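To start, the structure itself, in structure tokens.
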Amino acid sequence: MTLTDEAATGPCPLVAGNWKMNGLKAALGEALAVDKALAAEPEPVGADVMICPPATLVMVMAELVGKGAVKVGAQDCHTGESGAHTGDLSPEMLADAGAAAVIVGHSERRADHGETDRLVREKAAAAHRAGLQAIICVGETIGQRQADLTLEVVARQIAGSLPNGVTPQNTIIAYEPVWAIGTGLTPLAADVADVHAMIRDRLNERFGAAGSAMRILYGGSVKAANAAELMAVANVDGALVGGASLKAQDFLGIIEVYRAAGAA
Ligand code: PEP
């Protein structure tokens, strides 16, 4: 599909699972179950599918399922290619391990590790250097939402966290309200629509036609029960899923929304 085609039809949705700091080797069975279920589908499911396990499982998961319908991503990377950074992983290492993408700027890293927009931008640029897709996360805290600062905060994060050289192929945006992550709370569909529309406008302003072809995921307590409503919102091109990606059955229930929509 060319960029022009994508701009005309909208980007192919992505359902990406973020396992966070969960998953021992035994959990690989869940990724395998997702892969097998997708392979058994007679028709394409209508969405790209990805799982981002902890770094310890990236290589083995990529070897297990990465050549099929489930792409494998990582959850963070360093900005450098190699060097004296004990405990860190470069995007080149992750690509070498079989990752196709890396999440950068997840709110848990922004909060736990003090990651700034500038660092997130540098990590995204490093991911591009290594040939990885960068899944760049943005989202407001509950305090910012209550102070009516959501659009302002997210616009600032979009401006500051995206490097130059962004394309629909190398970058995916994930809007994840911090207060919706792991809480069972979700914004109203109208509020999701407002934020995604603003993000789309900013992408179009900065990247021209490419902005329309860029995927903007929604993340925050997505489950099978609410996925259809959230995924139907304008400018929502898929989901970044935490808790509900850990079990194949739950994750497949979210992916099913796209298969059902395609069949309808
Ligand atoms: C996430 O951490 O990216 C996330 C969306 O988590 P959850 O689905 O559990 O809210």
Side-chain angles (χ1 to χ4, degrees), residues 13-23 27 30-31 34 47-55 57-58 61 70-77 99-113 115 120 123-124 127 132-142 144-145 150 153-154 157-158 161 171-189 191-192 195-196 199 215-231 233 235-258:
L14 169 69
V15 181
N18 172 15
W19 281 13
K20 312 192 188 198
M21 198 173 71
N22 296 295
E30 301 297 330
V34 173
D48 292 337
V49 176
M50 182 184 290
I51 297 177
C52 303
L57 296 182
V58 165
M61 190 184 286
V70 181
K71 295 294 167 234
V72 178
Q75 299 175 13
D76 179 48
C77 66
V102 61
I103 298 170
V104 293
H106 191 283
S107 62
E108 287 154 12
R109 292 206 61 86
R110 289 179 187 258
D112 295 355
H113 300 272
E115 294 196 359
V120 173
K123 287 186 175 197
L132 296 180
Q133 286 181 316
I135 302 176
I136 303 177
C137 300
V138 295
E140 82 285 1
T141 63
I142 189 63
Q144 290 163 336
R145 172 158 287 256
T150 299
V153 166
V154 175
Q157 290 174 329
I158 288 289
S161 304
T171 300
I172 295 157
I173 311 296
Y175 166 57
E176 300 203 302
V178 178
W179 53 272
I181 294 178
T183 59
L185 302 172
T186 52
L188 296 173
D191 292 333
V192 175
V195 179
H196 279 241
I199 294 173
R215 291 183 277 197
I216 309 173
L217 312 184
Y218 167 78
S221 294
V222 176
K223 354 181 142 13
N226 61 20
E229 186 189 2
L230 289 164
M231 299 305 104
V233 173
N235 290 303
V236 172
D237 307 307
L240 183 55
V241 185
S245 69
L246 295 172
K247 292 279 167 233
Q249 212 54 27
D250 297 339
F251 196 45
L252 286 164
I254 295 168
I255 297 164
E256 168 66 17
V257 165
Y258 285 105

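We count ligands from 1, going down the list as the structure has it; atoms in each ligand are counted the same way. Scope of the values below: all heavy atoms of this structure, side chains included, with no hydrogens, waters or symmetry mates. Small disclaimer: the values here were computed from a predicted structure and weren't measured. Along the sequence shown, the residues carry numbers beginning at 1.
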| request: Give the protein residues with at least one non-hydrogen atom closer than 4.0 Å to an atom of ligand 1, ordered by chain and number. | output: N18, K20, H106, E176, A180, I181, G182, G219, G220, S221, L240, V241, G242, G243
| Is the closest side-chain heavy-atom distance between E140 and P177 below 4.5 Å? | yes
| query | What orientation do H196 and Y218 show, parallel under 30°, tilted 30 to 60°, or perpendicular over 60°? | reply | tilted
| Is any side-chain heavy atom of H106 less than 4.5 Å from a side-chain heavy atom of E176? | yes
| task | Applying salt bridge (charged side-chain N to carboxylate O under 4.0 Å, His left out), name anything that partners K223, two or more places apart in sequence or on another chain. | result | none
| Any side-chain heavy atom of K123 sitting closer than 4.5 Å to one from E115? | yes
| field | Under 3.5 Å donor-acceptor, R110 side chain and C137 backbone | value | yes
